[in-house]
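Read through the structure below, which is laid out as structure tokens, and then see the notes.
Chain A is the first sequence line, chain B the second, and so forth, proteins listed ahead of strands; every chain is numbered from 1.
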Protein chains: 2
Amino acid sequence: MTEIKPFNSTEYMNHISLDCVIFGFNNNELKVLLLHLKYSKENTLPGGFLKYDETLEQAAQRIVKERTGLDNLFLKQFKVFSDPERSRSNKAVMDGIIAGTIPDPSFFENRFITVGFYALVDFLKVKPTPDFYSDHCDWVSLNTELSMLLDHKQIIQEAIVTLRLQLNQQPIGLKLLPEKFTMPELQKLYETILGRDLDRRNFQRKMLNYNILDKLQERKTGGAHKSPYLYSFNVERYQEALKDGLSGIW
Amino acid sequence: MTEIKPFNSTEYMNHISLDCVIFGFNNNELKVLLLHLKYSKENTLPGGFLKYDETLEQAAQRIVKERTGLDNLFLKQFKVFSDPERSRSNKAVMDGIIAGTIPDPSFFENRFITVGFYALVDFLKVKPTPDFYSDHCDWVSLNTELSMLLDHKQIIQEAIVTLRLQLNQQPIGLKLLPEKFTMPELQKLYETILGRDLDRRNFQRKMLNYNILDKLQERKTGGAHKSPYLYSFNVERYQEALKDGLSGIW
DNA sequence: ATAATAATGTGTCGCTATGACACTAGGAAC
DNA sequence: GTTCCTAGTGTCATAGCGACACATTATTAT
């Protein structure tokens, strides 16, 4: 249970909610897109409820589109959070009721099981858009210490663990990086997700051996030092390689 | 939505159900524990609903215990199934209503999102126990072609895919095999899950290099040929090794 | 008994992937 | 130019892996 917006609760299924951990990569950092609630001043994940004719995946796409402007994103369920206490003492709901902005308080006071999704997006393509109940919507570095609504901090943690485990099975780089990128950028992404440094030369060798990158003629200019080459993913070969997983442990 | 037993629907959360794919390994085959419904003659996964004060994990333990007699099993969520059509035209419910055995049909006619769990159990320890609505509860080989309730066939398929992907991150062998087992048995388990043959000698070398097995003095007697040695898992070292995943791709 | 059969236990060889590491090249600041 | 920093490329030794051969032991057929 997360997002609060003016809505008709009869459109939505009771007891089931979704929360989306939207990952972006910028400035050599992994970031998540968070909302900041007007009344309770808490940070929340973009989330929402399930309509009667939707799958959870469709609901997640809808929710993510409202916050990012983007369609058809890479989204994956990773865990259901079902602690009976998780939606108790929901400060955001209390404040909303006091402010008179929640049309159907009894709906929000129910117990909700939430399905966690993570999304991988191209940072630069996102237009962060707050909803009615939040005063802003921003990218937040994972290093930042934040006060989060309910169990949302835990949800983010679990999303990262999942991301790390699936690093060789999911198109992490393809989805998180722009069309063209440099080898050092790709390496930084892997290092950030894994939480440790990798050897520059070994990383490059291994990556190139996967045969999933196209080396472009262009170099990235404007940097302060030697211009690195630009690469792009060969989507076909990448997808093919992922079927068996990118071999090896990083 | 799966298990139908005499119950008071007010004890349970609406719209949320669980289905458990209980894996066992016997006679060199992977098997799942299924119920066979009296009226509709369909096979179903053991499943049930969520009580108001339970987590999904607790509910899954409860459900699995009722069918196997076992406590504290290895259980993991793997996916939520949320197709709005999935619980439509539920033959089992229709037959139950006709037979007058469903106390609260309106509850069952609601839309249900189901959370898939898989369990890994020691085949020999399980006492398959049917519920009120099923005439028997049996182990069924995955090679068997069956008519299953609703989307239960798909749920089993997804469970297997998950099992395969997590083969190096989860204590598959430890949970599916008896205390003492032979190397060929362990190999067969891996081959069954992976769906392909492995080289006997390379398998043994790799397994032993993990340092997670204790070679016992005993040998398994009664077999038709040379007696194989018995092994058991060194639980401590196994758990330790799983933290980083058992390296390598099978 | 003896031989045939079949599965298990153990060892070798060559290749590849990997980790550790060093040198060269290019762009910016001075 | 010189300095500094980053990127591009190469080498070497080792561990792990796939492919493969031979000896051992238990049952079964004769």
Side-chain angles (χ1 to χ4, degrees), chain A residues 27-29 167-168 173 177-178 180-192 194-232 237 241-242 244-250, chain B residues 27-29 167-168 173 177-178 180-192 194-232 237 241-242 244-250:
Chain A
N27 197 25
N28 282 340
E29 285 183 314
L167 191 55
N168 291 316
L177 292 174
K180 300 172 182 179
F181 53 89
T182 68
M183 192 59 77
E185 284 167 352
L186 182 59
Q187 185 180 341
K188 272 291 170 198
L189 172 59
Y190 273 72
E191 289 179 336
T192 305
L194 292 170
R196 61 189 171 85
D197 290 347
L198 300 170
D199 184 274
R200 214 164 49 86
R201 298 150 284 192
N202 295 337
F203 178 84
Q204 163 139 321
R205 179 180 53 196
K206 196 166 175 179
M207 261 302 161
L208 292 178
N209 278 343
Y210 287 146
N211 246 314
I212 57 175
L213 296 180
D214 292 329
K215 183 173 184 171
L216 308 178
Q217 289 312 313
E218 307 171 67
R219 286 157 168 264
K220 176 164 187 165
T221 58
H225 304 287
K226 179 173 179 178
S227 317
Y229 283 102
L230 285 168
Y231 293 85
S232 64
R237 283 204 296 268
L242 284 176
D244 304 318
L246 300 177
S247 65
I249 309 291
W250 288 98
Chain B
N27 196 23
N28 283 341
E29 286 184 313
L167 191 56
N168 291 316
L177 293 174
K180 299 171 182 179
F181 53 88
T182 68
M183 192 61 76
E185 285 167 352
L186 182 59
Q187 184 181 340
K188 272 292 171 198
L189 173 59
Y190 273 72
E191 289 179 335
T192 305
L194 292 170
R196 62 191 172 84
D197 290 348
L198 301 170
D199 184 274
R200 215 163 48 86
R201 300 150 282 194
N202 295 337
F203 179 84
Q204 163 140 326
R205 177 181 54 194
K206 196 166 173 177
M207 261 303 161
L208 292 178
N209 278 344
Y210 288 146
N211 246 313
I212 56 175
L213 296 180
D214 292 331
K215 183 173 184 171
L216 308 178
Q217 289 311 312
E218 306 171 68
R219 286 158 168 264
K220 176 162 189 166
T221 58
H225 303 287
K226 180 172 181 179
S227 316
Y229 282 102
L230 286 168
Y231 292 85
S232 64
R237 284 205 295 269
L242 284 176
D244 304 317
L246 300 177
S247 64
I249 309 292
W250 286 99

Residues in salt bridge (charged side-chain N to carboxylate O under 4.0 Å, His left out) contact with Lys220(B), at least two apart in sequence or another chain: Glu185(B)

Whole-Å gap separating C1' (dG19(C)) and CG (Asn209(A)): 14 Å

Gln187(B) CD to dT10(C) P, straight-line distance once rounded to whole Å: 15 Å

Pairwise side chain to side chain donor-acceptor pair (under 3.5 Å) hits with a residue in residues 223-232 of chain A, at least two apart: Arg219(A)-Tyr229(A)

Integer-rounded Å distance: dG18(D) P and Asp197(B) CG: 14 Å

side-chain hydrogen bond (donor to acceptor under 3.5 Å, both in side chains) against Lys180(B), all qualifying residues, sequence neighbours excluded: Glu218(B)

Phosphate OP1/OP2 of dT10(C) contacted by Lys215(B) side-chain N/O (<4.0 Å): yes

Partner set under salt bridge (charged side-chain N to carboxylate O under 4.0 Å, His left out) for Glu29(B), not counting sequence neighbours: none

Phe203(A) side, atom CZ; Arg200(A) side, atom CZ - distance, nearest 0.5 Å: 12.5 Å

Pairing residues for Asp199(A) by the side-chain hydrogen bond (donor to acceptor under 3.5 Å, both in side chains) criterion, not counting sequence neighbours: Arg201(A)

Length of the CG-C1' vector between Leu208(A) and dT18(C), whole Å: 15 Å

Residues forming a side-chain hydrogen bond (donor to acceptor under 3.5 Å, both in side chains) with Asn202(A), sequence neighbours excluded: Arg205(A)

Non-neighbouring partners of Asp214(B) that pass side-chain hydrogen bond (donor to acceptor under 3.5 Å, both in side chains), sequence neighbours left out: Arg237(B)

Tyr210(B) OH to dC17(D) P, straight-line distance once rounded to whole Å: 6 Å

Spacing of Glu218(A) atom CD relative to dA7(D) atom P, expressed in whole Å: 17 Å

Value rounded to 0.5 Å, distance of NZ in Lys215(A) from CG in Leu208(A): 7.5 Å

Given DNA chain D, 5'-ward residue of the pair Pro184(A) and Arg205(A), judged by closest heavy atom: Pro184(A)

Letter per nucleotide, 5' to 3', of nucleotides 20-30 of chain D [B base touched, S only sugar-phosphate touched, - untouched; heavy atoms, 4.0 Å]: BB--BBSS---

Short side-chain N/O contact to dT9(D) OP1/OP2 from Gln204(A), under 4.0 Å: yes

The helix from dA1(C)-dT30(D) to dC30(C)-dG1(D): angle between end helix axes, five pairs per end, rounded to 10 degrees: 10°

Value in whole Å for how far the P atom of dG8(D) lies from CZ of Phe203(A): 12 Å

Euclidean distance, atom CG of residue Leu230(B) to atom P of dT8(C) [Å, nearest integer]: 13 Å

